[in-house]
Protein chains: 2
Amino acid sequence: MIHQRECPIETLIHVLGGKWKPMILWHLIGSPKRYNELEKLIPEVSQKMLSQHLRELEQEGIVDRTIYPTVPPKVEYSLSDYGRTLIPVAEVMCAWGDNHNKRKYEESAS
Amino acid sequence: MIHQRECPIETLIHVLGGKWKPMILWHLIGSPKRYNELEKLIPEVSQKMLSQHLRELEQEGIVDRTIYPTVPPKVEYSLSDYGRTLIPVAEVMCAWGDNHNKRKYEESAS
DNA sequence: CGGGATCCATTAGGATACTG
DNA sequence: CAGTATCCTAATGGATCCCG
């Protein structure tokens, strides 16, 4: 996921292409979430990948990270305004992917 | 790229996620292409990856492979009707990715 | 011409242990 | 609570050789 892109499609795939990034985005669309809320919502993710993907999404400007200097510490992740521009794109991708899964299911059932 | 997906976005990323797949699709949108035309259009791709990606796109029903039993052999790859349903999706992805690249360019220039 | 097969390098991702 | 660090495996992609 490090290589440079010539085609803007690859840019988007690069941004969303981590194994858990679509799930992370999905959960953040609803409301901001704390780190360990995301861990519970996505039980299979390792915390290495969760924090790594969150840092990458933050660097792309898609996710905001808010630290509340309380004890115990509280960190909240939310979709940035810019990150919200991804929502309609994600919906189109999702619709096509959903249809594609159904198509494959039907052909395997026939 | 083998793991199963729970989220349809991952399905689309799986379909388009090979390193050269967006470029292959891009070239096939214009007109059908022969194997070695694609090699020339995408000079950096290895022939292993080109043929592997073409086989995967064919299995997903996105690309049609037509063999003309001539001597020397001629094989033509084209977007299937179903593959054309990807075009509007790709355009949305492309627009977002293009904007994202510009955004990153501007922030690095400031 | 249009590939397949093989072997190797790089990268993504997981498991576990530890920390401010 | 919210991570980092380290080590390891699996997956992706590249290079080279070969074939009908």
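Throughout, protein chains are lettered first and strands after them, A, B, ... in sequence-line order, and every chain is numbered starting at 1.
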Next item on the list: Nearest-nucleotide wise, let me know which of A:L54 and B:E44 is further upstream toward the 5' end of DNA chain D.
Entry: A:L54
Check: Is any side-chain heavy atom of B:L50 closer than 4.5 Å to a side-chain heavy atom of B:I24?
Finding: yes
Notebook entry, point to check: Taking for each residue the nucleotide of DNA chain C bearing the nearest heavy atom, is the 5' side occupied by B:E39 or by A:S46?
Noted result: B:E39
Notebook entry, point to check: Please give, in whole Å, the distance from C:dC1 P to B:E76 CD?
Noted result: 15 Å
Margin query: Nearest 0.5 angstrom please: B:I29 CD1 to B:E91 CD, how far?
Written below: 7.0 Å
Check: Less than 4.5 Å apart, any side-chain heavy atom of A:N99 and any of B:T85?
Finding: no
Check: Can you pull the salt bridge (charged side-chain N to carboxylate O under 4.0 Å, His left out) pairs that have at least one residue in residues 47-68 of chain B, sequence neighbours excluded?
Finding: A:K104-B:E60, B:K21-B:E56
Next item on the list: Would you kindly give the CG-to-C1' distance between B:L38 and C:dC1, to the nearest whole Å?
Entry: 13 Å
Checklist line | Sidechain-backbone polar pair: B:Y35 side chain, B:Q47 backbone, donor-acceptor under 3.5 Å | finding: yes
Margin query: Using the side-chain heavy atoms of A:K74, tell me which of these nucleotides is nearest: D:dA2, D:dG13, C:dG13.
Written below: D:dA2
Next item on the list: Specify the separation, in whole Å, of atom CE of B:M49 and atom C1' of C:dG2.
Entry: 17 Å
Note to self: A side-chain contact here means heavy atoms from C-beta on lying under 4.5 Å apart; do A:Y77 and A:E37 qualify?
What the structure shows: no
Check: Which letters describe nucleotides 4-10 of chain D, given B = protein heavy atom under 4.0 Å from base, S = only from sugar-phosphate, - = neither?
Finding: B-BB---
Checklist line | Atom-pair distance (NZ on B:K19; P on C:dT11), nearest Å | finding: 9 Å
Note to self: So, does A:R34 get its side chain near the phosphate of D:dA2, meaning an N or O under 4.0 Å from OP1 or OP2?
What the structure shows: yes
Note to self: So A:Y68, base contact, sugar-phosphate only, or nothing? Heavy-atom distance under 4.0 Å.
What the structure shows: nothing
Note to self: From CD1 of A:I24 over to P of D:dG3, roughly how many Å is that when rounded to an integer?
What the structure shows: 12 Å
Item checked: Under-4.0 Å side-chain N/O to phosphate OP1/OP2 contact, B:Y77 with C:dC1 -> no
Item checked: Atom-to-atom span, CG of B:L50 to P of C:dG4 - whole angstrom -> 10 Å
Item checked: Value in whole Å for how far the P atom of C:dG2 lies from CG of B:L41 -> 13 Å
Margin query: If I compare all heavy atoms of B:C94 with all of A:P8, which pair ends up nearest, and what's the gap?
Written below: O-CB, 3.3 Å
